[in-house]
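Residue numbers start at 1 and run along the sequence shown. First listed ligand is number 1; within each ligand, the first listed atom is number 1. Because the structure is a prediction, the values reported are computed rather than measured.
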Amino acid sequence: MLNTKANKLEINAERLWDTLEVSARIGVGKSTGLSRLALSDDDKAMRDQFVQWCTAAGCVLRVDGAGNIFARREGKDPSLPAVVMGSHLDTQVAGGRYDGILGVLSGLEVIRTLNDQNVDTRRAVEVVCWTNEEGVRFQPPMMGAGFFCGVHALDWVLGQQDENGCAFGQELKRIGYAGSAPRDPSAIDAYFELHIEQGPILDAEGLHVGIVIGGYTSFGAEVQITGENAHSGPTPMRKRKDALVAASVIVAEVNKIGWEYEPEGRSTCARIEVSPNKYGIIADHAKVTIDVRHPDPALAKEMYDKVIAVLPVAQKQSNTALGIIKEWVFGDVAFDQNLTDLVEEVAVDLDVSHKHMLSAAGHDAYHLAKVVPTALIFTPCHDGITHNESEHIEPRYTAPGVNVLLNAVLRRANA
Ligand SMILES: [Zn+2]
């Protein structure tokens, strides 16, 4: 029985890589990455594969109303809340092979390693795949975790539609993952998420593990602009109400704000919708999403205030009507001090190089941190390239972080 600090377990990195390779063949993108959108046929195929692996590892599966899949390796005392690891298996349209996938499959590798070594734990150990973390097909992102943590009501989640009008709930049923397991955060003792950093710091500094102590504060908004259709030839400039002009002013000005707060501040308009989007027709409608982030919450707010001040300018220059139709803020997250200390203690014991850092991207762990003790562990990715088909990681840089996850989970599960 291995349950003391002195004993250290090690994952089978080759097996983890073989598992990642199988995932990399499900929902292949245009080149080397993945295009595995939430609740698509490819998402179903990957879920089926994950369920098969977990079943083969002796786990008991359950699926909740939002399609989150939990695989449980029972503990000596089944009445105790479980230690849970996880992330997501869905990807962006032109996503990489690793993103959240590494977190889920590392959790599976932890369970496989415990099996190999015949380790019994006091608490159950579970791996979870959260539904629709990416928020590509259905918004918002981190939807499954948001449901589980009580941020979104189930009916609301099930009613969200993709661009073609397909409802989340219908699609979940179609792929066979509309479950009925209760939503019960109190059944979780601790949540560990391992994720690639999605930034360049660990790679540049040659470190193996980032212990995340908080997140960038992120403000977001969706702005709707209403203009008027007109012919681009006969319509004089002074008579126009051009929604695309307003959107363009917003895009250009928001970009400038990010530069003012460089290098830590970031501002983006990642999505624009314009109609009718035809040659010769002045646009009567546009929508722009705005995203500003800064590690200092006060400066993030300052950036967002500047964004708000851009809107009347854009309105005036285009003679349109515009307004914010959705607004959000996230990232003011505090991870659990005890778990963060535990991860650090394990990293020191295993002689794994590490540093404390902030996360600039949102993760399922952000929602979990609000309701259960949560730790987020980063591993390096080449040059910080992510949400890109050329996202790349290597076993020798990644395995040390997965070993930290394994031993931290083991210690917590026996505590
Ligand atoms: Zn992710």
Query - Presence of N, O or S from H363 under 2.8 Å of the Zn ion (ligand 1) - result: no
Q.
Is the terminal nitrogen or CZ of R412 (NZ for Lys, CZ for Arg) located under 6.0 angstrom from the six-membered ring centre of F192 and within 45° of that ring's axis?
A. no
Quiz prompt | Near-ring test F70/F148, centroid separation under 6.0 angstrom | solution = yes
### Query
Under 6.0 Å from the six-membered ring centre of W53 and within 45° of its axis: does the NZ or CZ of R112 meet both?
yes
So the angle subtended at the Zn ion (ligand 1) by H88 atom NE2 and H195 atom NE2, rounded to 10 degrees, is 120°
Looking at D99, the N/O/S atom that lies nearest to the Zn ion (ligand 1) is called OD1
**Message:** Angle between ring planes, H195 versus H363, binned at 30° and 60°: parallel, tilted or perpendicular?
**Reply:** tilted
